[in-house]
Amino acid sequence: MLTRPHGRLAFLLVALAFAAPALTARADASLDRKYGLERIGYLPAWDNVDQLFRPYVEEAFKEYFAQHPRFTLMDSSKARDTLLDSKLDYQQLMEDPAVLDHAARAVKAESLIRTKIYKEGAQYRVVMDWLHAPQMETLASSTSTISEPGPGQDLSPQDLKAEIKRGIGGLIAKLPFVGHVTGKDSEWITVSVARNAGIRKGDHLIVSTIEEVKVHPILKAVVDWRMEKIGVLEVDSVDGGMAFCKAVEEDPARPIARYQKITSVAHAAEPVESPKPDGTPAEVEPPIGPPKLGWIEAGPVVGSADRQVSTTARSVEGSGFLIGGRVDGQVWLNRELFVELGTSYGTFSSDQKDLSPTAGANPVSTGATVFSWHGALGYTYLLSDDFYGPKGWAKLGFLSSSTDMASSTTNLTGGTSIGGLYVGVGGDLPIRGGWGVTLGLDIGIFNGGTLTGFTTGGADGVTSVRFNIGASYLLGPRLAVKGLIRVQTQSADFGSDSSVSHRVIDFTPTLVYFF
């Protein structure tokens with residue numbers, strides 16, 4: 001037992017600790033990055049009713065963040081399995097900063113939300129804490145209560161999920177910013193914004209940088225943010241959780257940069273229609289919105305084309321520099337389904353040589369053209385509500401490719417046509433600042449082919465593979481540039497008499513227009 005002087009001393013030390021100045025992180029560009037808060041995770045909920053509410057809490061998190069693309073909800077299954085498989089008491093584990101830091105790193109999250117539910121008579125107390133890794137400082141906390149609907153009636157899962165969603169929204173609302181800068185080029189600045197902020201064309205966004213963050217030394221909770229204004233953006237268009245803006249105020253000494261915060265929104269006044277001379281209302285030009293119907297791209301093609309033909313007696317090979325053009329486009333039937341069409345045309349001079357050492361034939365050069373087209377029905381899987389965010393796709397269609405050249409039995413030249421059904425997979429992955437990468441792979445199935453000039457009949461075995469990789473840069477909400485490298489190989493066997501193979505490697509810089 002403490003004596004009275006010792007008790008007074010202990011009380012004084014505790015009081016001084018709580019009254020002491022908070023630990024302070026001061027002005028540094030890294031503070032904006034440190035509190036980027038893009039990737040968020042959640043811990044399995046704890047409750048004192050045999051973990052009855054855990055699956056409903058998990059559903060509430062997934063449903064909430066599916067509608068709030070400002071954040072990326074990380075897959076928390078790895079951390080969940082690790083924590084729940086432990087022999088230690090889970091209620092103690094979820095209070096241990098070291099354990100929580102390990103869980104955050106396991107799911108690659110910058111922050112975690114911890115949820116506890118206490119059944120207290122006819123009421124349920126919901127406690128939520130938003131923790132920032134790696135020190136697990138508390139960004140925000142909330143406590144709410146739910147009463148049972150009536151005597152003998154249990155709390156419904158929908159009521160619980162609604163309360164959890166309100167709690168998540170309350171945590172996020174306690175931040176002193178509603179989004180941050182995600183990318184910048186010479187003209188456009190993109191920002192992530194909360195959908196419920198009501199951002200629209202013409203609004204002005206105040207951009208600030210974090211100058212100071214105060215953390216209580218005992219409670220390990222953020223108790224104060226100090227922000228400094230550095231610029232103003234004007235919104236041009238909004239898509240999902242992303243806004244495209246232009247800077248209207250910017251300090252050259254402190255330029256707007258990624259991760260800086262949007263601290264307030266000044267909404268533009270509603271447009272006022274001025275009447276025409278005849279008294280009828282003037283038409284107001286609608287703002288530019290995100291693309292809704294599809295896209296089209298076109299550009300030149302440069303590369304090389306190779307061709308090899310073999311018969312029982314001879315084998316020849318030819319190649320040449322290819323130049324031409326390509327056009328592709330998509331029409332969106334809805335948010336996921338699309339129809340795709342594309343065509344390309346190129347010409348090259350095939351410098352052909354005889355590979356048979358005893359043939360004695362002289363090298364020949366012949367002009368050739370390559371024409372291909374494809375059509376497909378596809379499905380896009382969006383990884384977020386953001387149209388410009390990561391996505392994958394799969395498609396099924398028809399692909400045809402033809403090489404046309406003068407027929408000659410002596411030189412083994414002639415037209416070739418290969419086509420049939422194909423399946424394709426691919427994806428787009430944004431990197432940063434408007435840059436992204438794209439990948440695609442198309443594999444032919446149930447293909448056929450013909451070879452004219454020195455053989456007859458259809459092909460016995462046909463293969464067709466097309467692979468592409470490229471980079472893109474978003475110039476604005478409706479315009480992008482893309483550079484794509486494509487490799488297409490096709491081959492066909494015509495019984496035991498002959499076989500032919502084609503390979504085209506090309507590079508296509510294109511301009512993409514979304515409509």
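Numbering starts at 1 and runs along the sequence shown. From a predicted model like this one, the values you see are computed outputs, not experimental measurements.
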Any side-chain heavy-atom pair of R200 and H267 under 4.5 Å: yes

Heavy-atom neighbours of F467 CZ exceed 12 at 6.0 Å: yes

Shortest non-hydrogen contact between T182 and S192, atoms and distance: CG2-N, 3.7 Å

Shortest non-hydrogen contact between D32 and K261, atoms and distance: O-NZ, 3.0 Å

Side chain to side chain, T138 and V222, heavy atoms closer than 4.5 Å: no

Test applied, side-chain contact (heavy atoms from CB on, under 4.5 Å); reference residue, V207; option that passes from I230, T263, I189, V232: I230

Steps toward side-chain contact (heavy atoms from CB on, under 4.5 Å) verdict (D442, K395): CA-CA 9 Å; D442 302 325; K395 53 190 176 182; 3.8 Å; yes

Distance (rounded to the nearest 0.5 Å) between I469 CD1 and L441 CG: 12.0 Å

Atom pair CD1 (I210) and CZ (R33), whose distance is rounded to the nearest 0.5 Å: 12.5 Å

Results of side-chain hydrogen bond (donor to acceptor under 3.5 Å, both in side chains) for D129 - residues two or more places apart only: R114, S141

Nearest-0.5 Å distance that lies between atom CZ in R226 and atom CD in E212: 5.0 Å

Any donor-acceptor N/O pair, R54 side chain to A45 backbone, under 3.5 Å: yes

Heavy atoms of other groups near Y381 OH, more than 12 under 6.0 Å: no

OG1-CE distance between T115 and M128, expressed to the nearest 0.5 angstrom: 3.5 Å

Student check: side-chain heavy atoms of D236 and K201 closer than 4.5 Å: yes

Nearest atoms (heavy-atom pairs only) where D96 meets A98: OD1-N, 2.9 Å

Note, V265 side chain near I199 side chain (heavy atom, < 4.5 Å): yes

Parallel, tilted or perpendicular: rings of W435 and Y473 (30°, 60°): tilted

Donor-acceptor contact present, side-chain E234 to main-chain H204, <3.5 Å: no

Option among W130, Y35, F71 that satisfies the side-chain contact (heavy atoms from CB on, under 4.5 Å) test with S111: W130

K229 NZ to T209 OG1 distance, which is reported to the nearest 0.5 Å: 14.5 Å

Those residues that, when tested against F338, pass ring pair (Phe, Tyr, Trp, His ring centres under 6.0 Å) (two or more places apart): none

Criterion side-chain contact (heavy atoms from CB on, under 4.5 Å) against I40, the qualifying member of V107, T72, L73, I172: L73

Residue pair K220, E137: steps toward the salt bridge (Lys or Arg N to Asp or Glu O under 4.0 Å) verdict: CA-CA 5 Å; K220 298 301 180 184; E137 305 153 345; over 6 Å; no

side-chain contact (heavy atoms from CB on, under 4.5 Å) assessment of N468 paired with V487: CA-CA 6 Å; N468 63 71; V487 180; over 6 Å; no

Short side-chain to backbone donor-acceptor contact, K482 and L484, under 3.5 Å: no

Flag side-chain contact, heavy atom, 4.5 Å: K184 against I256: yes

Where S142 and G167 come nearest, the two heavy atoms and their spacing: OG-O, 4.1 Å

Pair V191-C245, side-chain contact (heavy atoms from CB on, under 4.5 Å): steps then yes or no: CA-CA 8 Å; V191 301; C245 313; 4.1 Å; yes

Test: K119 cationic atom under 6.0 Å from Y124 six-membered ring centre, within 45° of axis: yes

Listed partners of Y118 passing ring pair (Phe, Tyr, Trp, His ring centres under 6.0 Å), at least two apart: W46

Donor-acceptor pair between H180 and E38 side chains, under 3.5 angstrom: yes

Heavy-atom neighbours of K174 NZ exceed 12 at 6.0 Å: yes

Sequence-distant partners of F177, ring pair (Phe, Tyr, Trp, His ring centres under 6.0 Å), two or more places apart: W225

Exercise: identify the closest heavy-atom pair between V49 and D47: N-OD1, 2.8 Å

Pairing residues for Y422 by the ring pair (Phe, Tyr, Trp, His ring centres under 6.0 Å) criterion, not counting sequence neighbours: none

Non-hydrogen atoms of G41 and A109 that approach each other most closely: N-CB, 3.7 Å

Between Q330 and W332: side-chain donor-acceptor atoms closer than 3.5 Å: yes

Spacing of L233 atom CG and I206 atom CD1 [to the nearest 0.5 Å]: 8.5 Å

Any side-chain heavy-atom pair of L131 and L100 under 4.5 Å: yes

Non-hydrogen side-chain atoms of V126 and I146 separated by less than 4.5 Å: yes

Polar contact flag, side-chain donor to acceptor under 3.5 angstrom, S208-Q260: no

Flag side-chain contact, heavy atom, 4.5 Å: P255 against E250: yes

Working for side-chain contact (heavy atoms from CB on, under 4.5 Å), residues L139 and L171: CA-CA 8 Å; L139 296 171; L171 294 176; over 6 Å; no

Those residues that, when tested against E58, pass side-chain hydrogen bond (donor to acceptor under 3.5 Å, both in side chains) (two or more places apart): Y42, K62, R80

